[in-house]
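Here the structure is laid out as structure tokens; the discussion comes afterwards.
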Amino acid sequence: MKRVAVLGATGSIGRQALEVIEANPGLELVAASSGSQPIDGLAPLTQVGGDPTELLERAEPEVVLNAIVGFAGVTATLWALERGVELALANKESLVAAGELALAARERGGGLLLPVDSEHSAVFQCLEGREPETVHSLVLTASGGPFRGRNRSELEDVTPDNALAHPTWQMGPKITVDSATLANKGLEVIEAHFLFGLPYDRIDVVVQPTSLVHALVRFRDGAALAHLGYPDMRVPISYALTYPDRAAVDVEPLDLASGLRLEFEPVDRDAFPMLGLARRAGQLGGTYPCAFNAANEVAVAAFLEGRLPFPGIPEVVEETLGQVDGVPAGDLDELVEADAKARRIAERGMALA
Ligand code: NAD
Ligand code: MG
């Protein structure tokens, strides 16, 4: 029995993780946390709000599934990596923001870092057993979100309800808006950089509207391996929780002859500037990715509250990136300070606009 702690157990990923654990006799839920929703009796140990590492200290899990949304997940990510406790990571924001600190913690801890994000799980599986020097580049796929095909002016008046209607994935509100702006793919490019150690110019993005191809790895001999499957997060969740085994999951086998469409198209960089902004932040390094993430979180919250129009999201992020110093964080305190500073700049930018 593998002892699993699920952080963010009431969310979209968290609930699907509970299903996976329930269906797998090899997995035991020892602890569960949420940000604010009650979870009494869900697990032997539970915690609502507060610092999730307090729960982890008590629960002594073998695997931490970090499915918290946003920068709030950073302490749990660093906790697991530092101790060499296996980390199944859905909370991409923590790896984006903490990047170098997280890699250093993993180096010291020596444990596994297993991606739950579907694209990164796909890349991880395509890379398994290959030598790094044989890899040419990675390709992450994007569904394109609900606004695929629209131009910049057609995005001016879109509402939170429009943005929350994702064509292929059922997810929490923050990541759903991130998928509509393509900030999610931007975060994922940075996430891939830290997970797989490739420079940004070797991490590409392509739109694949049906979300059946999750990612590709291109090798130096011209071969490309792709990972396909119906869009169902239980697949990467189960893979991460049961690695290196591949436990059975109750999903239909992929049936390509049933009329599935596999079309690809480039990202419209003019209509969706968040991807380019994320790349720029990633390339600048230091705490620029942290600032990108912080400003995006502030802007998305404001958009969902009706305080910011949709095109304001990239404006707030670009403005914030232009004002922070990006100085690398030497420890968690400095990172938290960089995050807070970027949030203040983003809020001030919105108040002045
Ligand atoms: P969600 O909003 O549905 O759930 C978030 C969970 O985090 C909830 O349990 C909530 O109580 C908890 N939480 C929120 N704020 C917290 C705080 N300050 N402290 C502790 N817990 C807090 O989000 P989601 O869609 O499940 O996404 C979770 C993470 O997984 C995000 O980082 C997202 O980018 C990533 N992810 C999600 C999907 C998906 O299909 N939903 C796919 C890939 C990656
Ligand atoms: Mg993803």
Side-chain angles (χ1 to χ4, degrees), residues 68-74 77-78 89-103 117 119-120 140 142 145 163 172-196 198-201 203-205 267 269-304 308 310-329 332 334-350 353:
I68 294 171
V69 61
F71 185 76
V74 76
T77 287
L78 293 175
L89 185 66
N91 176 241
K92 64 190 91 187
E93 295 94 338
S94 59
L95 189 58
V96 167
E100 318 282 352
L101 289 179
L103 294 189
D117 217 346
E119 298 77 3
H120 305 72
L140 308 180
K174 192 262 179 181
I175 183 177
T176 306
V177 175
D178 285 349
S179 300
T181 61
L182 290 200
N184 182 50
K185 218 44 60 177
L187 293 168
E188 290 185 357
V189 166
I190 302 173
E191 180 186 15
H193 167 78
F194 287 118
L195 280 172
F196 305 115
L198 282 160
Y200 286 99
D201 60 0
I203 306 171
D204 289 344
V205 173
V267 172
R269 288 160 189 275
D270 179 58
F272 301 100
M274 288 297 271
L275 181 57
L277 288 170
R279 274 188 189 282
R280 198 197 297 168
Q283 255 146 358
L284 287 167
T287 47
Y288 280 105
C290 173
F292 172 88
N293 177 68
N296 180 56
E297 286 190 31
V298 166
V300 169
F303 169 68
L304 286 172
L308 186 72
F310 189 77
I313 299 174
E315 284 169 19
V316 166
V317 170
E318 183 165 20
E319 179 78 17
T320 304
L321 288 175
Q323 287 188 45
V324 296
D325 56 25
V327 171
L332 178 59
E334 290 179 18
L335 186 72
V336 168
E337 184 44 46
D339 170 81
K341 190 173 171 194
R343 283 169 199 268
R344 284 195 299 271
I345 292 171
E347 289 288 0
R348 200 170 54 217
M350 289 191 301

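Below, each value reflects all heavy atoms present in this structure, side chains not excepted, and no hydrogens, waters or symmetry copies.
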If we only count heavy atoms from C-beta on, is the [X] to [Y] side-chain gap below 4.5 Å?
X      : Y      : answer
Ile68  : Glu93  : no
Met274 : Phe292 : yes
Thr77  : Leu89  : yes
Glu315 : Glu319 : no
His120 : Leu95  : no
Thr287 : Glu334 : no
Val177 : Leu304 : yes
Tyr200 : Ile190 : yes

Main-chain N/O of [Y] paired to [X] side chain as donor or acceptor, under 3.5 Å:
X      : Y      : result
Glu297 : Phe71  : yes
Arg269 : Gly276 : no
Asp339 : Ala291 : no
Asp117 : Glu119 : no

Gap separating the OG atom of Ser94 from the CG atom of Asn293, nearest 0.5 angstrom: 9.0 Å
Distance check, rounded to the nearest 0.5 Å: Cys290 atom SG versus Glu337 atom CD? 10.0 Å
Side chains of Lys92 and Asn184: is there a donor and an acceptor less than 3.5 Å apart? yes
Which heavy atom in [X] sits nearest to a heavy atom in [Y], and how many Å separate them?
X      : Y      : answer
Pro273 : Pro314 : CG-CB, 3.7 Å
Gly186 : Ala278 : CA-CB, 3.3 Å
Ala102 : Leu78  : CA-CD2, 3.7 Å
Pro289 : Ala281 : CD-O, 3.5 Å
Asp201 : Gln283 : N-NE2, 4.5 Å
Ala299 : Leu308 : O-CD2, 3.6 Å

Worked check of side chain to side chain contact (heavy atoms under 4.5 Å, CB included) between Asn296 and Lys174: CA-CA 10 Å; Asn296 180 56; Lys174 192 262 179 181; 3.9 Å; yes
Walk me through it: do Glu347 and Arg344 pass the test salt bridge (charged side-chain N to carboxylate O under 4.0 Å, His left out)? CA-CA 5 Å; Glu347 289 288 0; Arg344 284 195 299 271; over 6 Å; no
Please evaluate residues Val69 and Ile175 with respect to the criterion side chain to side chain contact (heavy atoms under 4.5 Å, CB included), reporting the C-alpha separation (whole Å), side-chain torsions for both, the decisive distance (0.1 Å), and the verdict. CA-CA 8 Å; Val69 61; Ile175 183 177; 6.0 Å; no
Taking atom CZ as the centre, does Arg280 end up with more than 12 heavy-atom neighbours from other residues, nucleotides or ligands that are less than 6.0 angstrom away? no
Working for side chain to side chain contact (heavy atoms under 4.5 Å, CB included), residues Val267 and Lys185: CA-CA 10 Å; Val267 172; Lys185 218 44 60 177; over 6 Å; no
